[in-house]
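Below is one structure, written out as structure tokens; the observations come after it.
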Amino acid sequence: MLIFLVSSAVHAQLPAGTTDTTAQPQAQPQDPARAEASDALDKQDFATALKLLTPLAEKSPNDARLLYDLGFAQEALDQTSAAEATYNRAIAADATYFDPHLALGLLMARTGNQAGAHAELAKAVTLNTDNQLLKARAYRALARLDESANPAVASDELLSAMKISPETPDDILFSGELAEASGDPASAEAAYRRLLAADPHNQDAISALAHVLLTQKKTDEVEPLLTEALAKDPGNPTLNAQLASLYEQENKTEQALPIVEKLHASHPGDPTLTRLLARLYSHSQQYDKAAPLYASLVATVPHDPTLLDDSADVQIHLKNYAAAESLLKRAVAQPSEFPTKESLGDAASRLAFAASANNDPQTTLQALDIRATVQANSPSSLFLAATAHDKLHHTKQAADLYKQFLSVANGQFPDEEWEARHRLITLDHMK
């Protein structure tokens, strides 16, 4: 914030006819309203400041510092659009003035205009300012914007900030996050451990260290780290969720469930917890409990194919084949959205099964066609294709597929093999 200073020096009266050759040039008298506005800003009385600054800005439309103060007051009063426009006016009046570039960049970052924010902050760090802490803030904000797309650039920006201001615990934590984003988990681990050495109870560092240890498959180190931290802070939701996720990965469903049930009861609107709880119920074959959780998630995120697939899997176990088929049709309709080809193939397999159980042979065959683009035939897919063609009275295709199924089944599917042999006899009599 720009602070306007009024000189309070009192000069002794000189004898008549003499001149004070040491006196400094006298500053122009300041508009009392401007002094009042500055005082109001100092006291964070932004409503009064806005009332005083608005007519002053109309009188002096090219006064960059006055416009910056006006934008500052507008932003403090949540007049975001007006503040953005006023900061731009300040920049137009004086493009070398650091403060409005920083303020506008931070405002744009908060409102989601990442490109605009980056441009303003990048300009700010090239400008001169007496406040090096503010320039360091601009560098740190730039680093946050570059974190995902350019972690190496973000690291350089963070270093630039630390060259002109002291390193903070947040800087150490952020440096670890940037190392992870750069594919250097060892450096990330070192950063988090350095922070914990200075602050052993820093829960953010504990959580970050647990995460990076998991990415390095050091699971044996994670559980003691989390359990020790939770002994001191048993209600920490992040650490509890991480411990539950670890138990899930280790197939310790019975240990994970009570943790996640308690978390979900406290945070019923958290979709990540809801999905984790639904998965755990499914793993423990409590499909009746998993189903409504998945239904609520699908209602909120209707186009997530893996969520649709998980929800459909539960419906299949509950023998609600029509519901499962409907969900899976929506899932496979967006094949590029699946994380892997294998996950798409698995969803198509489930759709083929659900459609077959729902007596929809045409959809069964369509699903198997999708599956065939990413996975080789299996005994199950061959049998489903055979029965679908059989239901559609495609006698030759059905017979050929039953034979292919029997050639690879090798006694693994006794019921289906019995059916295939008897259907071949029936189909042979139909020739």
Side-chain angles (χ1 to χ4, degrees), residues 109 121 125 132-133 135-253 255-256 258-260 262-263 266-267 270 272-273 275-276 279-280:
L121 293 168
V125 298
Q132 291 302 293
L133 291 178
K135 180 167 279 194
R137 186 179 181 188
Y139 273 120
R140 287 184 171 94
L142 261 181
R144 288 290 178 185
L145 290 174
D146 285 326
E147 177 180 5
S148 298
N150 298 292
V153 172
S155 294
D156 290 340
E157 290 160 346
L158 180 59
L159 286 173
S160 295
M162 291 189 291
K163 286 177 182 177
I164 56 178
S165 67
E167 182 183 58
T168 68
D170 281 345
D171 289 336
I172 302 174
L173 188 66
F174 188 30
S175 69
E177 294 168 358
L178 290 172
E180 283 194 76
S182 299
D184 187 0
S187 294
E189 179 183 345
Y192 301 143
R193 290 194 185 279
R194 182 162 70 90
L195 179 53
L196 284 172
D199 182 5
H201 304 298
N202 189 308
Q203 303 289 22
D204 290 335
I206 293 169
S207 175
L209 178 58
H211 176 267
V212 78
L213 288 173
L214 283 173
T215 64
Q216 297 177 90
K217 310 298 182 186
K218 298 180 180 179
T219 54
D220 56 323
E221 298 182 41
V222 178
E223 185 172 349
L225 174 71
L226 292 173
T227 52
E228 181 181 352
L230 284 166
K232 299 168 185 172
D233 185 10
N236 187 291
T238 301
L239 299 181
N240 272 295
Q242 284 183 298
L243 182 59
S245 295
L246 173 65
Y247 286 148
E248 183 194 21
Q249 291 178 36
E250 296 177 335
N251 295 317
K252 297 178 179 177
T253 303
Q255 290 171 263
I259 298 174
V260 181
K262 185 176 180 180
L263 285 171
S266 300
H267 307 277
D270 187 322
T272 302
L273 286 175
R275 193 162 185 173
L276 177 56
R279 282 202 310 271
L280 291 170

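Values reported hereafter were calculated over all heavy atoms of this structure, with side chains retained and with hydrogens, waters and symmetry mates removed. Because the structure is a prediction, the values reported are computed rather than measured.
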For [X] and [Y], which heavy atoms make the closest approach, and how far apart are they?
X	Y	answer
P185	V212	O-CG2, 3.6 Å
L209	R193	CD2-NH1, 3.8 Å
A241	L263	N-CD1, 3.7 Å
S245	L276	OG-CD2, 3.9 Å
V125	A138	CG1-CB, 3.7 Å

Would you compute the distance between atom [atom1] of [X] and atom [atom2] of [Y] and round it to the nearest 0.5 angstrom?
X	Y	atom1	atom2	answer
E221	T219	CD	OG1	9.0 Å
L273	K262	CG	NZ	13.5 Å
L226	L243	CG	CG	5.5 Å
I259	L230	CD1	CG	7.5 Å
D270	R275	CG	CZ	12.5 Å
Q203	L196	CD	CG	9.5 Å

Q) Distance only, no hydrogens: is a donor on one side chain within 3.5 Å (strictly under) of an acceptor on the other, for S207 and D204? A) no
Q: Could you tell me which residues satisfy side-chain contact (heavy atoms from CB on, under 4.5 Å) with Q255, sequence neighbours excluded, listed by chain and number?
A: Y247, K252
Q) Are any of the side-chain heavy atoms of L133 and R137 separated by less than 4.5 Å? A) no
Q. Do M162 and D171 come within less than 4.5 Å of each other through their side chains, counting heavy atoms only?
A. yes
Q: Look at the side chain of N240 and the backbone N and O of P234, then say whether any donor-acceptor pair between them is shorter than 3.5 Å.
A: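 At least one qualifying donor-acceptor pair exists.
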Q.
Once side-chain hydrogen bond (donor to acceptor under 3.5 Å, both in side chains) is applied, what residue pairs with a partner in residues 148-165 remain, sequence neighbours excluded?
A.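 Qualifying pairs: R140-S165.
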Give every donor-acceptor pair under 3.5 Å between a side-chain atom in residues 173-181 and any protein atom, sequence neighbours left out.
from : atom 1 : to   : atom 2 : distance (Å)
S175 : OG     : I172 : O      : 2.6
E177 : OE1    : R144 : NH1    : 3.3
E180 : OE1    : H211 : ND1    : 3.0
E180 : OE2    : Y192 : OH     : 2.7

Q: Count the heavy atoms belonging to other residues, nucleotides or ligands that lie under 6.0 Å from CD of E250, then report whether that count exceeds 12.
A: yes
